[in-house]
Amino acid sequence: EEAVAAREEEIQKIADAAKAAKAAKGKVVIEKSIVIIDVKPWSTETDLDALEKKIRGIEMSGLEWKSSEKKPVAFGLLKLCIMSHIVDKEVSVDDLQEKIQEFEDDVQSTDVVTFTKL
């Protein structure tokens with residue numbers, strides 16, 4: 001058991017040294033993700049163009065809005081699918097969804113459709 005513990009400690013030291021060497025080179029990896037959110041309105045009366053402008057008005061450090069499109073749900077109701085790039089350490093998808101849902105007169109619900117690491 002002592003030999004296993006010693007070996008694990010040695011492996012950990014090597015890993016720590018490699019991590020420190022990488023950090024010393026100054027290469028900082030910024031982890032980003034693509035997030036696509038479906039925004040479902042309350043009714044067919046909801047102006048999705050105006051709603052999209054409101055959503056794009058949400059500004060957070062590490063958030064960049066990308067393309068959007070309207071897709072049919074049922075009975076003439078359309079949903080807004082909007083894509084964004086986020087910096088993982090700066091933007092919480094839950095916080096982003098909450099901010100979108102604050103437009104409660106227009107937004108019934110939101111769903112994360114795609115969450116892909118870049």
Side-chain angles (χ1 to χ4, degrees):
E1 283 186 29
E2 285 181 30
V4 171
R7 179 72 180 138
E8 286 178 1
E9 188 176 321
E10 182 183 341
I11 291 170
Q12 187 61 45
K13 283 181 185 178
I14 292 169
D16 291 343
K19 187 176 181 181
K22 186 175 182 180
K25 287 182 182 177
K27 289 187 178 180
V28 178
V29 177
I30 298 174
E31 294 181 4
K32 288 185 169 187
S33 299
I34 297 173
V35 180
I36 298 176
I37 298 176
D38 276 356
V39 181
K40 295 179 189 133
W42 284 107
S43 72
T44 57
E45 311 275 316
T46 304
D47 183 352
L48 291 182
D49 293 325
L51 178 57
E52 181 181 351
K53 284 181 184 173
K54 288 182 188 177
I55 292 170
R56 288 184 183 276
I58 296 171
E59 293 181 4
M60 300 169 75
S61 176
L63 170 66
E64 184 180 358
W65 293 109
K66 296 295 182 181
S67 65
S68 66
E69 65 179 321
K70 297 171 192 142
K71 291 186 176 177
V73 177
F75 306 108
L77 183 68
L78 298 175
K79 66 182 174 183
L80 179 66
C81 299
I82 191 160
M83 180 180 10
S84 63
H85 287 180
I86 63 169
V87 175
D88 296 345
K89 290 184 179 179
E90 295 181 21
V91 179
S92 158
V93 175
D94 292 336
D95 290 346
L96 184 56
Q97 280 187 284
E98 284 176 19
K99 286 185 181 284
I100 293 171
Q101 289 173 349
E102 286 175 5
F103 305 119
E104 55 193 30
D105 292 340
D106 297 322
V107 177
Q108 177 197 356
S109 65
T110 62
D111 292 310
V112 175
V113 179
T114 306
F115 192 112
T116 309
K117 299 284 184 186
L118 286 177

Visitor: So, Thr46 and Asp106: side-chain donor and acceptor under 3.5 Å apart, yes or no?
Guide: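 Not at all, the side chains of Thr46 and Asp106 share no donor-acceptor pair under 3.5 Å.
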Visitor: Are Ile36 and Leu96 co-members of a hydrophobic cluster defined by side-chain heavy atoms under 4.5 Å apart?
Guide: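 Leu96 and Ile36: separate clusters.
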Visitor: Do Val113 and Ile34 sit in one hydrophobic cluster, given that two such residues count as connected whenever their side-chain heavy atoms are within less than 4.5 Å of each other, even indirectly?
Guide: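 Yes, it is one cluster - the side chains of Val113 and Ile34 are joined through contacts under 4.5 Å.
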Visitor: Taking the side chain as C-beta and beyond, is there a heavy-atom pair between Gln97 and Asp94 under 4.5 Å?
Guide: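 Side chain of Gln97 against side chain of Asp94, heavy atoms only: contact under 4.5 Å found.
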Visitor: Grab the two heavy atoms, one from Lys54 and one from Phe103, that are nearest each other, plus how far apart they are.
Guide: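 Minimum heavy-atom contact is O-CZ, 3.6 Å.
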Visitor: Going from CD on Gln108 to OG on Ser43, what distance comes out if it is rounded to the nearest 0.5 angstrom?
Guide: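 Rounded to the nearest 0.5 Å, the CD-OG separation comes to 10.0 Å.
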Visitor: May I ask you to decide if Gly62's main-chain N or O and Glu90's side chain share a donor-acceptor pair within less than 3.5 Å?
Guide: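 Yes; at least one donor-acceptor contact below 3.5 Å.
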Visitor: Give me the atom names and distance for the closest heavy-atom approach of Thr44 to Phe75.
Guide: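 In this case the closest contact between Thr44 and Phe75 is CG2-O, 4.0 Å.
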Visitor: I need the minimum non-hydrogen distance between Lys79 and Pro41, along with the two atoms involved.
Guide: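 Lys79 and Pro41 have their closest heavy atoms at CA-CD, 4.1 Å.
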Visitor: Using the rule that Ile, Leu, Val, Met, Phe, Trp and Tyr join whenever any side-chain heavy atoms are under 4.5 Å apart, tell me whether Leu80 and Val73 fall into a single cluster.
Guide: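 In one cluster: no.
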Visitor: Find out if a path of hydrophobic residues (ILVMFWY) with successive side-chain heavy-atom gaps under 4.5 Å connects Leu118 to Val35.
Guide: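 Hydrophobic grouping puts Leu118 apart from Val35.
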Visitor: Are Val39 and Ile58 linked, directly or through other ILVMFWY residues, by side chains that come within less than 4.5 angstrom of each other?
Guide: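 Yes, because Val39 and Ile58 connect within a single hydrophobic cluster, where side-chain heavy atoms sit under 4.5 Å apart.
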Visitor: Give the intermediate values and the outcome of salt bridge (charged side-chain N to carboxylate O under 4.0 Å, His left out) for residues Glu64 and Lys66.
Guide: CA-CA 6 Å; Glu64 184 180 358; Lys66 296 295 182 181; 2.8 Å; yes
Visitor: Can you tell me how far the CD atom of Gln101 sits from the CD1 atom of Ile37, to the nearest 0.5 Å?
Guide: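 So the CD of Gln101 and the CD1 of Ile37 are separated by 9.0 Å.
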Visitor: Assess whether a salt bridge exists between Lys71 and Asp38, defined as any Lys/Arg side-chain N lying under 4.0 Å from an Asp/Glu carboxylate O.
Guide: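 Salt bridge between Lys71 and Asp38, a charged N being under 4.0 Å from a carboxylate O: no.
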Visitor: In sequence, state the C-alpha distance, the side-chain angles, and the governing distance for Asp88 and Ile86, and then conclude on side chain to side chain contact (heavy atoms under 4.5 Å, CB included).
Guide: CA-CA 6 Å; Asp88 296 345; Ile86 63 169; 4.0 Å; yes
Visitor: For the pair Asp111 and Lys40, evaluate side chain to side chain contact (heavy atoms under 4.5 Å, CB included) and give the outcome as yes or no after the intermediate values.
Guide: CA-CA 8 Å; Asp111 292 310; Lys40 295 179 189 133; 2.4 Å; yes
Visitor: Between Leu63 and Ser84, is the side chain to side chain contact (heavy atoms under 4.5 Å, CB included) condition met? List the steps.
Guide: CA-CA 7 Å; Leu63 170 66; Ser84 63; 3.8 Å; yes
Visitor: Heavy-atom distance under 4.5 Å between the side chains of Met60 and Lys99, does that happen here?
Guide: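 When only atoms from C-beta onward are counted, Lys99 and Met60 do touch, with a gap below 4.5 Å.
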Visitor: Is there a side chain to side chain contact (heavy atoms under 4.5 Å, CB included) between Leu48 and Leu78 once you walk through the steps?
Guide: CA-CA 8 Å; Leu48 291 182; Leu78 298 175; 3.7 Å; yes
Visitor: Would the distance check show the side chain of Trp65 and the main-chain N or O of Ile82 forming a donor-acceptor pair, the cut-off being under 3.5 Å?
Guide: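 Not at all, since once roles are kept as given, no pair shorter than 3.5 Å links the two residues.
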Visitor: So which atom in Val93 and which in Phe115 form the shortest heavy-atom distance, rounded to 0.1 Å?
Guide: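 For Val93 and Phe115, the tightest heavy-atom pair comes out as CG2-CE1, 3.0 Å.
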Visitor: What's the spacing between Glu69 CD and Glu52 CD if we round to 0.5 Å?
Guide: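 Separation between the atoms: 10.5 Å.
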Visitor: What's the separation between atom CG in Asp95 and atom CD1 in Ile100, rounded to the nearest 0.5 Å?
Guide: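 Interatomic distance, Asp95 CG to Ile100 CD1, rounded to 0.5 Å: 11.5 Å.
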